[in-house]
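First up is the structure itself, then whatever we jot down about it.
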Amino acid sequence: MTYRVAVADNKVAEAGLKLLAATPGIESPTAPKTARRGSKRALAGAHALIVRSETTVTPDLLTRGPNYAWIARAGPAWTT
């Protein structure tokens, strides 16, 4: 199975996007501008959604991606 990932923010690190794109079984991430606007085509077939701080995950955004198995927020690691 191939998993489709929608990346909704421009601030996700390029290294992370390259890692996703190079991983077998994962389709290249969706262009951030398309996913953030909630494009039905970009989100409808996505199995995962990655956001950072530019995108608020709303009920409407969730209904546009009925196949989401994962929703992740990318960001710096917490340290104490």
Side-chain angles (χ1 to χ4, degrees):
M1 175 175 193
T2 299
Y3 292 95
R4 183 181 284 165
V5 177
V7 178
D9 287 9
N10 291 309
K11 293 182 181 180
V12 175
E14 187 66 29
L17 296 176
K18 286 181 181 179
L19 180 62
L20 282 172
T23 302
I26 294 182
E27 256 186 36
S28 294
T30 305
K33 286 188 238 177
T34 304
R36 190 169 49 252
R37 284 195 309 258
S39 165
K40 286 184 181 182
R41 184 175 179 186
L43 300 177
H47 299 100
L49 174 65
I50 298 175
V51 300
R52 186 129 189 236
S53 55
E54 296 173 23
T55 303
T56 301
V57 179
T58 62
D60 180 58
L61 188 62
L62 292 174
T63 61
R64 291 175 186 257
N67 299 316
Y68 293 151
W70 307 280
I71 298 174
R73 186 202 177 273
W78 287 82
T79 58
T80 55

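Between the side chain of Arg52 and the backbone N or O of Lys11 there is at least one donor-acceptor pair closer than 3.5 Å. Side chain of Asp9 to backbone of Ile50: no donor-acceptor contact under 3.5 angstrom is found.
Arg73 approaches Ser53 most closely through the heavy-atom pair NH2-CB, 4.1 Å. The two residues Asn67 and Ala44 come nearest to each other via the heavy atoms ND2-O, 3.0 Å. The two residues Val12 and Ala74 have their closest heavy-atom pair at CG2-CB, 4.3 Å.
Partners of Ile71 according to the side-chain contact (heavy atoms from CB on, under 4.5 Å) rule, which considers only residues two or more places apart in sequence or in another chain, are Leu49, Val57, Leu62, Tyr68.
Within the model, atoms OG1 of Thr2 and NE2 of His47 stand 8.5 Å from one another, a figure rounded to the nearest 0.5 Å. Separating the OG1 atom in Thr23 from the CG atom in Leu20 is a distance of 6.0 Å, to the nearest 0.5 Å.
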